[in-house]
Amino acid sequence: MAKLSKKEARLRRHRRVRGRISGTAAKPRMSVFRTSKHLYVQFVDDEAQCTLVSASTLEASFAETGKKVDTEGAAALGQIAAERALAADIQQAVFDRGGFQYHGRLAALADSARKAGLKL
């Protein structure tokens with residue numbers, strides 16, 4: 001058996017996790033995607049197959065914070081995402097790490113969202 005590339009291994013983990021979790025309108029899936037330069041967060045209703053709320057480090061609201069895309073920036077993005085979710089009447093969500101390791105930027109983002117009042 002050939003060794004998987006990093007991307008193939010992450011996609012395999014992601015498919016495995018997505019087989020177990022699903023979002024609804026009452027409790028959407030908080031999907032996180034990470035690149036080397038940016039972070040993207042979406043609150044997804046899998047039953048209706050639509051995105052309810054989104055946030056990313058490419059937006060002007062993130063640029064106003066003056067943070068880089070590191071753990072501090074991820075925490076700021078988690079705060080922004082949680083505020084938008086709470087404004088859209090989303091009180092709790094299922095965290096989908098997208099096959100990425102729950103560490104560093106992803107952990108900071110999730111912790112910040114929890115501190116802002118979102119139940120993950």
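This one's a predicted model, so the numbers in the text were calculated from it and none came from an experiment.
Between Q79 and E83 there is a side-chain heavy-atom pair separated by less than 4.5 Å. The shortest distance between side-chain heavy atoms of V32 and F95 falls below 4.5 Å. Within the 4.5 Å cutoff, the side chain of R12 has heavy atoms near those of the L4 side chain. The closest side-chain heavy-atom distance from M30 to D96 is not below 4.5 Å. Between K37 and V69 the shortest side-chain heavy-atom distance does not fall below 4.5 Å.
Note on ring orientation: taking the six-membered ring where Trp is involved, the planes of F100 and F33 are perpendicular (angle over 60°, cut-offs 30° and 60°).
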Note to self: Show, in sequence, the C-alpha distance, side-chain angles and deciding distance for L118 and Q91, and conclude whether the side chain to side chain contact (heavy atoms under 4.5 Å, CB included) test is met.
What the structure shows: CA-CA 6 Å; L118 192 65; Q91 303 298 321; 5.9 Å; no

Note to self: For D45 and Q49: C-alpha separation, side-chain torsions, deciding distance, then whether side chain to side chain contact (heavy atoms under 4.5 Å, CB included) applies.
What the structure shows: CA-CA 6 Å; D45 177 1; Q49 296 182 347; over 6 Å; no

Note to self: Would Y40 and L77 count as a side chain to side chain contact (heavy atoms under 4.5 Å, CB included) here? Give the steps.
What the structure shows: CA-CA 9 Å; Y40 306 87; L77 182 65; over 6 Å; no

List the atom pairs, with distances to 0.1 Å, where a side-chain N or O of residues 20-28 and a protein N or O form a donor-acceptor pair under 3.5 Å, not counting sequence neighbours.
from : atom 1 : to  : atom 2 : distance (Å)
T24  : OG1    : A26 : N      : 3.4
T24  : OG1    : K27 : N      : 3.0

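Taken to the nearest 0.5 Å, the CD atom of Q101 stands 9.5 Å off from the CG atom of L106. Between the CD atom in E72 and the OG1 atom in T65 there is a gap of 10.0 Å [rounded to 0.5 Å]. Rounding to the nearest 0.5 angstrom, the gap separating the CZ atom in R105 from the OG1 atom in T57 is 8.5 Å. Atom-to-atom distance recorded for F43:CZ and I90:CD1 is 6.0 Å, nearest 0.5 angstrom.
For the pair V53 and A88, the tightest heavy-atom approach, listed with the atom from each and the gap, is CG2-CB, 3.6 Å. Nearest heavy-atom pair across A81 and V41 is CB-CG1, 4.0 Å. Taking each heavy atom of A74 and L39 in turn, the nearest pair found is CB-CD1, 3.5 Å. Annotation for F62 and A76: closest pair CE1-CB, 4.3 Å, computed over non-hydrogen atoms.
Judged as a side chain to side chain donor-acceptor pair (under 3.5 Å), and not counting sequence neighbours, the contacts of R114 are Y102, D111. Annotation: side chain to side chain contact (heavy atoms under 4.5 Å, CB included) contacts of Q42 (sequence neighbours excluded): V44, T51, S54.
Not a single donor-acceptor pair under 3.5 Å links the side chain of S112 to the backbone N or O of L109.
The pair R29-D46 counts as a salt bridge, with a side-chain nitrogen and a carboxylate oxygen less than 4.0 angstrom apart. With respect to the salt-bridge test (charged N to carboxylate O, under 4.0 angstrom), the residues R84 and E59 qualify.
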